[in-house]
Amino acid sequence: MSEPEHDALKERTRFDPAEVEPRILEAWLSSGLFHPEAERDRGDNYSIAFPPPNVTGDLHMGHALQVATQDTLIRYHRMLGQPTKFILGTDHAGIGTQMQVEKQLAREGTTRQAIGRDAFLERIWAWKELHGSNIVDQLKRLGASLDYSEERFTLDEAYAAAVMHVFVRLFDRGLIYRGNYMVNWDPGSRSAISDLEVEEREVADTLYSIAYPFAEGDGEVVVATVRPETMLADTAVAVHPDDERYREYVGREVVLPLVGRRLRVIADVYVKPEFGTGVLKITPGHDPNDFEIGRSHGLEELSVIGEDGRISDAAGPRFAGLSIERARAAVVAALEQEGVLRGSEPYTHKVPFSHRSGERIEPLISLQWFMRMDELARPAIDVVIDGRVRFHPEQQGRVYREWMDNIRPWCISRQLWWGHRLPVYYCDACEETYVTTAPPERCGACDGRLRQDEDVLDTWFSSALYPFATLGWPQDAPELRAFYPTDVLVTGRDIIFLWVARMIMMGIEFCGTEPFSDVYITSIIQAPDGRRMSKSLGTGIDPVEEIDRHGADAVRFGMLAMSSTQDVKYSAEKVAQGQGLANKLFNASRFVLMSIDPDAPAQARPAAIEDRWILSRLARIEAEVTLRLARFDFAHAALGLYDFVYGELCDWYLELVKGRLAGAGDDRVAVSSTLLHVLRETLALAHPMIPFVTEEVWSFVRRPDEGLLVGAAFPVADEDRLDPAAEAELAWAIAATQAVRGWRDEVGIKPKVVMPVRVLSEGHDEVVGLVARMARLRLDEGAESAACVASVGVPGGTVEVLAGEGVDLGAHADRLEKRRTGLRAEIDGVRRKLGNAAFVAKAPPAVVDGVRERLAGLESELEAL
RNA sequence: GGGCGCGUAGCUCAGUGGGAGAGCGCUCGCUUCACACGCGAGAGGUCGCAGGUUCGAAACCCGCCGCGCCCACCA
């Protein structure tokens, strides 16, 4: 380090993320290290496909957590020397994006229908250009080492071609088909949505009882319903076949009130005799269960609710055009008037709502495109069973299998404009349909004009191809060969079915192999009060604001420390802890750089017991972090690092060697060498987790021939440096230091006073000097020189305090007595344990010996007092 | 209805068979020549409740109480 550098560093008493981060980021980006060349085959290459954020969205805490974990893995593997690719892409997010732009249009007093499909799509693309780069800037601020040079978008030409290719192939295989089925209709987005986009909410409704008179006029049956308005589309009434009460009714006819239609009484095992009256009205057009029953009995399927969520003309002039709520009130009033309303009671139950628009789902029969999933699911279940895909935590694999075992057809068409339009063409003149990526100009059968299907695909259909469509599939691209399959997929629990399962199915189907070997499921970050983090609730916390406040390293560390196998509340304290670590590491580094011999090489040169100790501890933390990362245990990796830096490196080692650094001669060179070595290893060890501060400090400690830390080697634990003897000695020294400090504090001896003492403790000659330094003691070997005025118990011995200046003993008698009482209680407990014959006989000898040793230690301390 | 998870210091959470821990907060002391976003020392816990297994349980088993999440077609 040059003198000006040295002086500049001296002034920087705090780590300033706002000043450092842009500089470091720029260095990384221009280094080209985020972009691996795809020149080799898969081999030991390492890749992760970052879950594509919505293109017009903002970074949220879930992203911050995912960046922290994935980028830690990516940086770690890059430092292991593996060609490493962190795949970047954004998602067009069909419904979400379209609805945002529709809202914008609404503010302008127009609609997408009014401006037309082409103009509308232009508007969305313009919107995307405006907002799309935002998310990438935010990812950079977190330090995500994504391959920014190859950013993908799910509507890119090449990506879209992959989607079309998949659709046609699955159609040709007979897995994709078109048909009239009951779907979840979202009146908000005016589109069908899949089962997975529906959420159930508790709603307080009313359960109405309605009498349906027999056609012959001899009595009635009473049905119960929470949706009286759907009675207008009833086409049957059902009872359970074994229900004695109604057996004779089966086959008879009732008259539908208000409408006058005759309905057959049918028998079906679906009906629960114990619910309500045991008679169920059947509305195949507006209820999923009734739809199934209707199909199996060949019932007519009537529809009285339109795609706008209002009563349609089919219901007749009396109710047509009414909203569901008003229609319900009107129907109930009419039923009452007709004298067939038999009762009503409050009823709370679960009702489906659209996850996207928040509106209540209308089950409707609709002509849609579906995909049969059972055939694709089978091999995707197998790869999880035989361990080729491993879930972390494991139980998520069971959740996955449970869902896959019961998988149902997927409604893949959406009545939207923003997305991949179906490669399906209909002939205007005849019945011909073409499903192809290369449609002919005109119909091959009748030469009629072709018209493309209006619908687009569910966004998740394209997302399912993400790990290979981003790498150039279906072309035989070098990137695909080099980086598919990817290694780990990191995402939240909420999209295991929506995304993870479908990627596994599609990866196996189209690439012949599962798209990743490990699935790490992250926590869902909740607001500090335990509620969901969301903008609408006002509980959201913006990761970028947190970066502004605490720095990117702090946010990353906090996220890693928070990460868990279950949902976690956002912890500002963990982020602050990360900020503390970054600052601590920075300042410790300043101290090292300003104190060491400038000519000392970075190498382990232990010249004293504390050197052997820190090298041993370093080897242990290196092994631990490595193990934790391999197990996706980020919290313990981060917190273990924190403990090492604070609890061992800074609190003890730096303090222990200050005297030697202030000295001269070869020992100063030796300790400087070791210190520099330990610092460099620590920086490299910490870099994957807190990259900015470590890269910044690295610029001061790297050799002229070395590049950025991001491209340096990850440290390997040196087992030869493990030194249990040195660890035991330092453990004693630390305990002794703390005992003496505690005593001094209690008795009120001023911190500056150097207290004369005599240490009576066998076998710690190598470290008593260290205790003296740390506890401000003067070791008085001349035993006769001063009188012993007090004694302090330390493990396995005692420290006699001698008379001296500043040694004013006040309340120490109390303290000693307190300590004695505590010791006696502890000794009693341990003796009782040893007196238990069963314990001595049955417990492992090592445990018994350990307890005996502990007793001996406690006894000698008590005796010393 | 089925499944999963959680109840440990004031708060947020580690610890999963042998001496109750961390961060934050709190108290006391310290302008110690890296850091006051600091350093040192402390206080604070019937480990949800009740049984069981074991020489030994915060941890393993059973039950109960409380909280959360996921899945599921009872109108």
Side-chain angles (χ1 to χ4, degrees), chain A residues 9-10 12-15 182 200 207-208 223-227 230 238 270-272 274-283 287-293 347 349-350 352 363 393 395-396 398-399 402-403 406 493-494 496-497 524 526 528 530 550 554 561-562 564-574 576-580 582-595 635-636 639 642-643 646-647 650-651 654-655 658 662 737-738 741-746 748 750-752 774-776 826 829-830 833 836-844 846-848 850-851 854 858:
Chain A
L9 195 56
K10 197 173 176 184
R12 293 170 65 183
T13 60
R14 282 182 198 164
F15 178 64
M182 172 97 9
E200 306 278 329
L207 185 65
Y208 297 96
V223 301
T225 181
V226 289
R227 301 203 59 189
T230 64
Y270 169 77
V271 181
K272 300 269 192 292
E274 67 280 5
F275 189 93
T277 58
V279 184
L280 178 63
K281 74 185 202 57
I282 303 295
T283 320
D287 182 278
N289 303 309
D290 296 5
F291 175 78
E292 296 296 330
I293 295 171
Y347 186 68
H349 64 145
K350 298 275 183 65
Q395 68 254 26
Q396 296 296 343
R398 292 204 300 276
V399 177
E402 174 74 21
W403 186 76
N406 300 300
R493 231 179 347 80
D494 48 339
I496 291 178
F497 308 139
I524 307 284
Q526 299 167 339
H550 303 284
M562 265 177 253
S564 161
T565 56
Q566 61 186 59
D567 294 351
V568 292
K569 296 188 182 91
Y570 182 75
S571 164
E573 289 82 8
K574 286 279 194 306
Q577 202 179 342
Q579 187 179 3
N583 189 57
K584 193 73 174 174
L585 204 47
F586 183 75
N587 275 297
S589 304
R590 283 176 60 232
F591 168 72
V592 171
L593 290 163
M594 294 185 300
S595 311
H636 288 100
L639 293 168
Y642 180 93
D643 286 344
Y646 266 82
C650 294
D651 287 353
L654 294 187
E655 297 300 330
K658 274 181 177 172
T737 301
Q738 288 172 332
R741 279 175 179 168
W743 185 87
R744 289 179 57 131
D745 201 51
E746 184 78 15
K750 294 258 184 304
K752 279 187 173 171
M774 299 302 287
R776 292 219 172 207
E826 215 172 325
V830 177
K833 197 168 197 177
N836 183 343
F839 170 71
V840 180
K842 294 196 178 183
V847 172
V848 179
V851 174
R854 208 176 116 226
L858 291 168

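In what follows, chains are A, B, ... by sequence order, proteins preceding strands, each numbered from 1.
Note on A:H349: only backbone sugar-phosphate atoms sit closer than 4.0 angstrom, heavy atoms only; bases stay farther off. At a threshold of 4.0 angstrom between heavy atoms, the contacts of A:P844 include nucleobase atoms, whether or not backbone atoms are also involved. Residue A:K350 is classed as a base contact, given a heavy-atom separation below 4.0 Å to a base. Looking at heavy-atom distances under 4.0 Å, A:E292 makes no contact with the nucleic acid at all. Residue A:Q566 is classed as a sugar-phosphate contact, given heavy-atom separations below 4.0 Å to backbone atoms only. Among the protein residues, A:K658 comes within range of the nucleic acid bases, having at least one heavy atom under 4.0 Å from a base atom. Residue A:R854 is in base contact, counting any heavy-atom pair closer than 4.0 Å across all strands shown. Among the protein residues, A:F291 comes within range of no part of the nucleic acid, since none of its heavy atoms lies under 4.0 Å from any strand. Within 4.0 Å (heavy atoms only), A:R493 reaches sugar-phosphate atoms of the nucleic acid but no base atom. Contact annotation for A:D651: backbone-only contact, meaning every heavy-atom pair under 4.0 Å involves sugar-phosphate atoms and none involves a base. Nucleic acid contact for A:N836: sugar-phosphate only, since backbone atoms but no base atoms lie under 4.0 Å from a heavy atom of the residue. As judged by a 4.0 angstrom heavy-atom cut-off over every strand, A:K569 is placed among residues touching the sugar-phosphate backbone only. Contact annotation for A:V847: base contact, defined as any heavy-atom pair under 4.0 Å involving a base atom. Within 4.0 Å (heavy atoms only), A:F497 reaches sugar-phosphate atoms of the nucleic acid but no base atom.
Closest to the side chain of A:P751, from the set B:C73, B:C55, B:C30, is B:C30.
Classified by interplanar angle (parallel below 30°, tilted 30° to 60°, perpendicular above 60°), the ring pair A:F497/A:W403 is parallel.
Remark: A:D290 does not engage A:K281 in a salt bridge, criterion side-chain N to carboxylate O under 4.0 Å.
OP1 or OP2 of B:A75 lies within a sub-4.0 Å distance of a side-chain N or O belonging to A:Y347. An OP1 or OP2 oxygen of B:C39 is reached within less than 4.0 angstrom by a side-chain nitrogen or oxygen of A:K584.
Distance check on atom C1': B:U8 versus B:C67 gives 16 Å, rounded to whole Å. Taking the C1' atom of each, B:A20 and B:C13 are spaced 15 Å apart, rounded to whole Å. Comparing the same atom, P, in B:C37 and in B:C47 gives a spacing of 38 Å after rounding to whole Å.
With hydrogens and angles ignored, no donor-acceptor pair closer than 3.5 Å exists between the side chain of A:E573 and the base of B:A22. Side-chain N/O atoms of A:R741 and base N/O atoms of B:G40 include no donor-acceptor pair closer than 3.5 Å.
Cation-pi geometry between A:K272 and A:Y270 is satisfied (NZ or CZ under 6.0 Å from the ring centre, within 45° of the ring normal).
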